[in-house]
Colleague: 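I'd like to ask you about the structure that follows.
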Amino acid sequence: MQLTELELIRREKLTQLRNLGINPYPADLFPLDSNSKEIKQHFEEGKKVTIAGRLMRKNIQGKASFAQLQDSEGRIQVYFNRDEICTGEDKTQYNEVYKKLLDIGDFIGIEGKLFTTQVGEKTVMVKKFSLLSKALKPLPQPKVDAEGKVHDAFTDAEQRYRQRYVDLVVNPHVKEVFIKRTKLFNAMRTFFNDREYFEVETPILQPIPGGAAARPFVTHHNSLDIPLYMRIANELYLKRLIVGGFDGVYEFSKNFRNEGMDRTHNPEFTAMEIYVAYKDYNWMMDFCEQLLEFCASEVNGTTKATFGEHEIDFKAPYARVTMAQSIVDFTGFDISGKSEEEIRSAAKEMGVDVDDTMGKGKLIDEIFGEKCEGNYIQPTFITDYPKEMSPLCKEHRTNPELTERFELMVCGKEIANAYSELNDPIDQRERFEAQLKLADRGDDEATAFIDFDFLRALEYGMPPTSGMGIGMDRLIMFLTNNASIQEVLFFPQMRPEKKKVEMTEDEKEVFTILKNNSPMELDALKSQSGLSNKKWDKTIKGLTKNKIVKVEKTEEGLLVSAV
RNA sequence: GACCUGGUAGCUCAGUUGGUAGAGCACCUCCCUUUUAAGGAGGUGGUCCUGGGUUCGAGCCCCAGCCAGGUCACCA
């Protein structure tokens, strides 16, 4: 492993610490009794505290020094004074251990008492400190100046995602995003649990990937010798539980879709799905806006949220527009009662890209997606979707071409999708079969599997039920003003890092030639290697740099020898 | 998948027709007992993403590739 100078220095310090009898990775617990936040909130002059955290700044002024300690709650200033720490003659603890052997990033424990400095900063006067864990790699050290401007921030997106631990240590705003993420989950749980809906878990490995139209990941179970799919949705399992007699079930579902990755798609993402018996989609719309209003204020302390250039407000109620009306609003074209061909040619006139594999529902969806969707900035329910694109949704009570479905749009994106669930087993079977036909016709979004066990469950009877799914990642993006899903996932999927080879192929080759004839003349070695000038130069420099070979000038000329 | 932009020190970034690789912070040494992004003085530190090519000479130009970000397309 090639170490940088900074890493070598820190490793050397490990040895020096051990020579002083200090274990840089002690096993015993550290009895902390406070933290940075508590100290600042309940500050008492002279109070004794025991705290621990990472050393994040050292500002040494001879025999005194100010430093900053960062713990899970934030940072607190600590004051190291030589004569406070070393009361006797031996000043090693301050002069050597603190000043020289402690680095930014090291975990230390501190016993001290609180005081206020002359400039009024709440500070811990260190009486005793101990090393809890030494950091061998240097952290980036962003700094904030008096005007609040950040210098040297750790900003490279690739490095931040690949090394999220570093990102979290040095970028407090990043940590804040994830705290809000968890607050959102907690708020939703509270909202559901208060209404006595029941949190459940359903299979992630499924023999049939159902409940959505998406390409699944496939794996294989050895003892059963069958393919298994990682779930793309949990809908069909939750409905089985409604059949089984639960009145309300919900699950935070990690779903997996084997599709492209971009700033709004990660191969694994989190959806929340909830199903409530004896309800319909009208009830669910009321429920949804109450839920989001509650969640937004739990997360941000207000129902308002800023997203890019938009100010959005999650305060209920939200506008409700039928899909047909929306298309009239933005295109002037009325889809009601029109045939597939009429809609297709209308779409073409509007400049919407359509083809012959598209059925009526898909055509309408294309028009809506192209012309309408992006216009809804404030939370808006779009209702009554075409039947063809909603195979799990109950037919509309007043129009057999439509379904009782809504999606909630925010900033032009869908964040929730809900139905009056289809509970007619015969209709459901026909809809699945229609999907198969669409799939055969070439629509790769149509579901190509029929879950017969799900149909069997419906045949035992499912009460009228409304269900809703919410894209948790997208919702938290809106609540934290992040345009990229990677910013709201701790560990977004990345291409694997290439590992660096110790010796290049050329270096190996040259070394092999040399090993059998060491030492040999440089020119001879060069011509035997058959490398171009440039390549030779790079190779021999690489080898000498890593102290694998040595070049010496002698009376006979340049000699290369293996080390 | 297409196009655009980027990849240089631990971090943030400069780098002139193509002519000895730079700055700030960090780090190291010395001085400094209540400071607050940055006290003073001196110093160390480089696979310029990778591989080819052009050239006397490439961080820079050309070709191919890798990785990331963005825009679109596709997809919920």
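Proteins come first, then strands; the chains are lettered A, B, ... in the order of their sequence lines, and each starts at number 1. This structure is a prediction, so every number in the text was calculated from the model and none was measured.
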Colleague: Ignoring the backbone of A/Tyr79, work out which of B/rU34, B/rU35, B/rC11 is nearest its side chain.
Modeller: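 Given the options B/rU34, B/rU35, B/rC11, the side chain of A/Tyr79 is closest to B/rU34.
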Colleague: Just N and O in the side chain of A/Arg257: are any of them under 4.0 Å from OP1 or OP2 of B/rC75?
Modeller: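 It does not, given that no N or O in the side chain of A/Arg257 lies less than 4.0 Å from OP1 or OP2 of B/rC75.
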Colleague: Side chain of A/Lys143: nearest nucleotide among B/rC25, B/rG70, B/rA73?
Modeller: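 Nucleotide nearest to A/Lys143's side chain: B/rC25.
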Colleague: Any N or O donor-acceptor pair linking the side chain of A/Asp156 to the base of B/rG7 at under 3.5 Å?
Modeller: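 It does not, because no donor-acceptor pair links the side chain of A/Asp156 to the base of B/rG7 below 3.5 Å.
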Colleague: If you assign each of A/Thr123 and A/Gly369 to its closest nucleotide in RNA chain B, which residue comes earlier from the 5' end?
Modeller: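 Whichever sits nearer the 5' end wins; that is A/Thr123.
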Colleague: Side chain of A/Glu158 only, heavy atoms from C-beta on: which candidate in B/rU12, B/rG69, B/rC67 is closest?
Modeller: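 Per side-chain heavy atoms of A/Glu158, the pick is B/rC67.
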Colleague: Counting any heavy atom closer than 4.0 Å, what does A/Glu5 reach on the DNA or RNA strands: base, sugar-phosphate only, or nothing?
Modeller: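 Touches a base.
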Colleague: Scan A/Glu373 against the nucleic acid and name what it touches under 4.0 Å (heavy atoms): base, sugar-phosphate only, or nothing.
Modeller: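 Result for A/Glu373 = base.
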Colleague: May I ask you to say what A/Arg160 touches in the nucleic acid, namely base, sugar-phosphate or nothing, with a heavy-atom cut-off under 4.0 Å?
Modeller: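 No contact at all - A/Arg160 keeps every heavy atom at 4.0 Å or more from the nucleic acid.
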Colleague: How about NZ on A/Lys47, more than 12 heavy atoms from neighbouring residues, nucleotides or ligands closer than 6.0 Å, or not?
Modeller: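 Yes, enclosed.
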Colleague: List the atom of A/Asn258, the atom of A/Pro216, and the distance in Å for their closest heavy-atom pair.
Modeller: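 Between these two residues, the closest heavy atoms are CB-O, 3.6 Å.
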Colleague: Would you mind reporting whether A/Leu139 and A/Met56 have side-chain heavy atoms less than 4.5 Å apart?
Modeller: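 They are in side-chain contact.
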Colleague: With heavy atoms under 4.0 Å as the rule, sort A/Gln118 into base, sugar-phosphate or nothing.
Modeller: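 It contacts base atoms.
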Colleague: Check every atom of B/rA73, B/rG69, B/rA68 against the side chain of A/Tyr161 and return the nucleotide holding the closest atom.
Modeller: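 Of the options given, the side chain of A/Tyr161 lies nearest B/rG69.
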Colleague: Taking the same atom, C1', in B/rG70 and in B/rC56, what whole-Å distance lies between them?
Modeller: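 One C1' to the other, the span is 41 Å.
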Colleague: Quick one: label A/Lys99 by what it contacts on the DNA or RNA (base, sugar-phosphate, nothing), any heavy atom closer than 4.0 Å.
Modeller: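 No contact.
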Colleague: Which parts of residues 56-66 of chain A get close to RNA chain B, meaning a heavy atom less than 4.0 angstrom away?
Modeller: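 Contacts with RNA chain B under 4.0 Å: A/Arg57, A/Asn59, A/Ile60, A/Gln61, A/Gly62, A/Lys63, A/Ala64, A/Phe66.
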Colleague: In whole angstrom, give me the gap between the C1' atoms of B/rG7 and B/rC75.
Modeller: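 Per the computed distance, 30 Å lies between those C1' atoms.
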Colleague: What interatomic distance, in whole Å, is found between P of B/rG45 and the corresponding atom of B/rU71?
Modeller: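 The same atom, P, in both gives a distance of 42 Å.
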Colleague: Under 4.0 Å between a side-chain N/O of A/Gln486 and OP1 or OP2 of B/rG69, yes or no?
Modeller: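 Indeed, a polar side-chain atom of A/Gln486 lies that close.
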Colleague: Classify the nucleic acid contact of A/Phe115 as base, sugar-phosphate or nothing, counting any heavy atom under 4.0 Å across all strands shown.
Modeller: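 Base, at least one base heavy atom under 4.0 Å.
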Colleague: In whole angstrom, give me the gap between the C1' atoms of B/rA23 and B/rG15.
Modeller: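 These two C1' atoms come out 10 Å apart once rounded.
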Colleague: Using a 4.0 Å heavy-atom cut-off across all strands, classify A/Glu12 as base, sugar-phosphate, or nothing.
Modeller: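 Answer is nothing: A/Glu12 stays at 4.0 Å or more from every strand.
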Colleague: Does atom CD of A/Glu309 have more than 12 heavy-atom neighbours, drawn from other residues, nucleotides or ligands, at distances under 6.0 Å?
Modeller: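 No.
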Colleague: Measuring only the P atom in each nucleotide, how far is B/rC67 from B/rG10? A whole number of Å is fine.
Modeller: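 About 23 Å, rounded to a whole number of Å.
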Colleague: With heavy atoms under 4.0 Å as the rule, sort A/Ile9 into base, sugar-phosphate or nothing.
Modeller: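 Sugar-phosphate: the residue A/Ile9, judged by heavy atoms under 4.0 Å, touches backbone atoms but no base.
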Colleague: Mapping A/Lys413 and A/Pro138 onto RNA chain B by nearest heavy atom, which one lands closer to the 5' end?
Modeller: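 Between the two, 5'-proximity favours A/Pro138.
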Colleague: Inspect the surroundings of NZ in A/Lys413 and state if more than 12 heavy atoms from other residues, nucleotides or ligands are less than 6.0 Å away.
Modeller: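 Incorrect, the count does not exceed 12.
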Colleague: Taking the same atom, C1', in B/rG69 and in B/rC25, what whole-Å distance lies between them?
Modeller: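 The same atom, C1', in both gives a distance of 25 Å.
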Colleague: Any idea how A/Tyr250 and A/Phe252 line up, ring-wise: parallel (<30°), tilted (30 to 60°), or perpendicular (>60°)?
Modeller: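 Correct class here is perpendicular.
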Colleague: I'd like to know if A/His151 reaches the base of B/rC25 with its side chain such that a donor and an acceptor end up less than 3.5 angstrom apart.
Modeller: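 In this structure, the two groups form no donor-acceptor pair.
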Colleague: Can you list the residues that meet the salt bridge (Lys or Arg N to Asp or Glu O under 4.0 Å) rule with A/Glu487, with sequence neighbours excluded?
Modeller: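 By the salt bridge (Lys or Arg N to Asp or Glu O under 4.0 Å) rule, A/Glu487 matches A/Arg160.
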Colleague: Rounded to whole Å, how long is the line connecting atom CG of A/Asn482 with atom C1' of B/rG69?
Modeller: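 Rounding to the nearest Å, CG of A/Asn482 and C1' of B/rG69 are 15 Å apart.
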Colleague: Please determine if a side-chain N or O atom of A/Gln77 lies less than 4.0 Å away from the OP1 or OP2 oxygen of B/rU36.
Modeller: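 For B/rU36, OP1/OP2 do not have a side-chain N/O of A/Gln77 under 4.0 Å.
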Colleague: Using 30° and 60° as the class boundaries, would you call the ring planes of A/Phe368 and A/Tyr376 parallel, tilted or perpendicular?
Modeller: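 Rings of A/Phe368 and A/Tyr376: parallel, as their planes differ by under 30°.
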Colleague: Within the structure shown, what part of the strands sits under 4.0 Å from A/Asn417 by heavy-atom distance: base, sugar-phosphate, or nothing?
Modeller: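 Nothing: the residue A/Asn417, judged by heavy atoms under 4.0 Å, touches no strand.
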Colleague: Considering residues, nucleotides and ligands other than A/Lys40, do more than 12 of their heavy atoms fall under 6.0 Å from its NZ?
Modeller: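 Enclosed: over 12 neighbouring heavy atoms sit under 6.0 Å from NZ of A/Lys40.
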Colleague: Taking atom P in both B/rC49 and B/rG6, compute the distance separating them and give it to the nearest angstrom.
Modeller: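 Pairwise P distance, B/rC49 against B/rG6, rounds to 13 Å.
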Colleague: Roughly how many Å apart are B/rU34 and B/rG46, using the P atom of each and rounding to a whole number?
Modeller: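 After rounding to an integer number of Å, I get 38 Å for this pair.
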Colleague: Which part of the nucleic acid, if any, lies within reach of A/Thr155 when heavy atoms closer than 4.0 Å are counted: base, sugar-phosphate only, or nothing?
Modeller: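 Sugar-phosphate, no base atom in range.
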Colleague: Examine B/rU71: is either OP1 or OP2 under 4.0 Å from a nitrogen or oxygen in the side chain of A/Arg263? Give yes or no.
Modeller: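 Answer is yes, contact under 4.0 Å.
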